[in-house]
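Below, chain A is the first sequence line, B the second, and so on; all start at residue 1.
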Amino acid sequence: KQEVTQIPAALSVPEGENLVLNCSFTDSAIYNLQWFRQDPGKGLTSLLLIQSSQREQTSGRLNASLDKSSGRSTLYIAASQPGDSATYLCAVKNAGNMLTFGGGTRLMVKP
Amino acid sequence: NAGVTQTPKFQVLKTGQSMTLQCAQDMNHEYMSWYRQDPGMGLRLIHYSVGAGITDQGEVPNGYNVSRSTTEDFPLRLLSAAPSQTSVYFCASRKGTGGYEQYFGPGTRLTVT
């Protein structure tokens with residue numbers, strides 16, 4: 001059974017810092033990995049989708065990498081801003097129809 | 001496009017009551033699903049559908065029913081609400097069963113007393 005872990009569970013940084021969020025998974029036979037952002041009391045917003053054949057995806061200040069063989073993905077946020085404060089979730093898709101989610105990293109960017 | 005919409009946003013039920021959580025998408029997505037999100041448990045799949053007329057169970061299906069009569073709508077029914085079903089419920093959709101991006105609705109916060 002796929003298990004997805006996100007470390008750290010919470011992170012507080014000053015504005016302007018570059019930061020890395022980690023996601024690890026136990027079964028490397030994945031179709032893709034998706035990073036989401038969730039604001040308090042809101043739904044999940046898709047940030048980046050990396051297919052299993054890809055190594056990384058970029059969107060603005062966000063860059064996500066994927067290393068299938070080691071079961072790891074990282075989400076890099078450049079020049080963090082207070083508006084980046086949210087919970088970040090990663091989810092992996094194996095064969096079948098289910099996404100398996102990590103527990104999330106709660107990010108606080110202080111002005 | 002409105003994307004994935006859910007109603008209601010909030011609901012309080014008494015134990016034993018039944019209700020239906022509504023979900024609709026306007027992206028012509030074949031695949032739709034329901035998740036619940038609980039503190040310390042993450043998001044868990046309840047039921048999913050790969051197209052109109054086809055549904056299947058996810059990880060935590062007990063106490064819930066679904067049907068998919070149209071591509072757009074995927075309601076979730078609680079048959080006899082229990083306090084253990086207090087949670088935030090999210091509906092999601094994607095284009096198909098392959099490696100497509102998944103989109104989520106805003107959620108329904110349900111409390112069962």
Contacting moiety of B:Tyr48, where chain A heavy atoms sit under 4.5 Å: side chain
Per-residue contact mode, B:Tyr31 against chain A (heavy atom under 4.5 angstrom): side chain
Residue A:Glu17 excluded, over 12 heavy atoms near CD under 6.0 Å: yes
B:Val4 portion near chain A, given a 4.5 angstrom heavy-atom threshold: neither
Sub-6.0 Å ring centroid separation between A:Phe36 and B:Phe104: yes
same_hphob_cluster(A:Tyr31, B:Leu45) at 4.5 Å side-chain heavy-atom cutoff: no
Under 4.5 Å from a heavy atom of chain A, the part of B:Gln37 involved: side chain
same_hphob_cluster(B:Val66, B:Leu78) at 4.5 Å side-chain heavy-atom cutoff: yes
Proximal component of A:Lys93, with respect to chain B [non-hydrogen, under 4.5 Å]: side chain
Region of B:Arg44 that comes under 4.5 Å of a non-hydrogen atom in chain A: neither
Reported OG-to-CG distance for the pair B:Ser33 and A:Leu99, which is rounded to 0.5 angstrom: 7.0 Å
Part of A:Leu48 within contact of chain B (heavy atom distance under 4.5 Å): neither
Joint hydrophobic cluster, B:Val88 plus B:Ile46, side-chain heavy atoms closer than 4.5 Å: no
